[in-house]
Amino acid sequence: NDEKVIIISSFRSKAADITISIPEALAREMQLKQGQKYIVRDVLWGDVETELDNDHSLQVRMNPFSARILEINELPLK
């Protein structure tokens, strides 16, 4: 099983809430399945845990001059 990660960085001098949208072609390459639920966790700081939206997007707060390593994992289907 390959790890699925997104690495983002901010060079802004102020904190900002941003939306990350994974393009469909990249979602296919990452083998993100339609209808599957995914949990996203920040493995660098540990302060983010959210679900990936159906359109493969998520919102995250970026602190000034910071970075995040977001790991994407499947949630078990109920």
Side-chain angles (χ1 to χ4, degrees):
N1 190 11
D2 294 328
E3 272 190 309
K4 296 171 178 62
V5 296
I6 299 172
I7 300 171
I8 55 175
S9 59
S10 173
F11 298 99
R12 296 176 53 117
S13 60
K14 296 181 181 176
D17 294 318
I18 64 168
T19 299
I20 299 168
S21 297
I22 300 172
E24 192 58 40
L26 181 56
R28 279 192 307 273
E29 184 70 27
M30 293 175 73
Q31 299 177 351
L32 299 177
K33 303 170 197 139
Q34 284 294 91
Q36 174 67 50
K37 297 283 187 184
Y38 293 93
I39 188 79
V40 180
R41 292 184 181 100
D42 184 331
V43 296
L44 188 59
W45 302 107
D47 62 343
V48 170
E49 182 171 301
T50 188
E51 280 190 38
L52 196 61
D53 292 337
N54 288 334
D55 64 352
H56 301 124
S57 67
L58 66 122
Q59 291 74 41
V60 66
R61 181 153 188 87
M62 292 297 295
N63 293 321
F65 306 107
S66 65
R68 293 191 179 278
I69 300 174
L70 303 175
E71 181 179 51
I72 303 171
N73 290 297
E74 288 185 11
L75 281 173
L77 295 175
K78 295 180 181 178

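Start at 1 with the first residue, then count along the sequence.
Proximity of Val43 to Val5: side-chain heavy atoms (C-beta onward) are nowhere separated by under 4.5 Å. Between Lys14 and Asn63 there is no side-chain heavy-atom pair separated by less than 4.5 Å.
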Practice problem: For side chain to side chain contact (heavy atoms under 4.5 Å, CB included), just list the numbers for Asn54 and Lys37, CA-CA rounded to whole Å, side-chain angles, deciding distance to a tenth of an Å, and then say yes or no. | Solution: CA-CA 8 Å; Asn54 288 334; Lys37 297 283 187 184; 4.2 Å; yes
Quiz item: Could you walk me through whether Ile20 and Val60 pass the side chain to side chain contact (heavy atoms under 4.5 Å, CB included) check?
Solution: CA-CA 8 Å; Ile20 299 168; Val60 66; 3.9 Å; yes
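The distance from atom CG of Leu70 to atom CD of Glu49, rounded to the nearest 0.5 Å, is 12.0 Å. To the nearest 0.5 Å, atom NZ of residue Lys33 and atom CD of residue Glu74 are 3.5 Å apart. The structure places CZ of Arg41 at 12.0 Å from CD1 of Ile72, a figure rounded to the nearest 0.5 Å.
Considering only residues two or more places apart in sequence or on other chains, Asp53 meets the salt bridge (Lys or Arg N to Asp or Glu O under 4.0 Å) condition with none of them. With sequence neighbours left out, Arg28 forms a salt bridge (Lys or Arg N to Asp or Glu O under 4.0 Å) with no residue at all.
Hydrophobic clustering (side-chain heavy atoms under 4.5 Å, transitive across Ile, Leu, Val, Met, Phe, Trp, Tyr) keeps Leu52 apart from Ile39. One hydrophobic cluster, built from ILVMFWY side chains closer than 4.5 Å, holds both Ile7 and Leu44. Tracing side-chain contacts under 4.5 Å through hydrophobic residues (I, L, V, M, F, W, Y), one reaches Ile22 starting from Ile8; they form part of the same cluster. Under the 4.5 Å side-chain heavy-atom criterion for ILVMFWY residues, a single connected hydrophobic cluster contains both Ile18 and Val48.
Minimum interatomic distance between Leu75 and Gln36 (heavy atoms only, all atoms of both residues): O-NE2, 2.7 Å. Arg68 and Asp47 get closest at one heavy-atom pair: NH1-OD1, 2.6 Å. Contact record, Phe11 with Phe65: O-CE2, 3.3 Å, taken as the closest heavy-atom pair.
No donor-acceptor pair under 3.5 Å is formed between the side chain of Tyr38 and the backbone N or O of His56. One N or O on the side chain of Asp42 and one on the backbone of Trp45 form a donor-acceptor pair closer than 3.5 Å.
For residues 15-25, the side-chain hydrogen bond (donor to acceptor under 3.5 Å, both in side chains) pairs, not counting sequence neighbours, are Asp17-Arg61.
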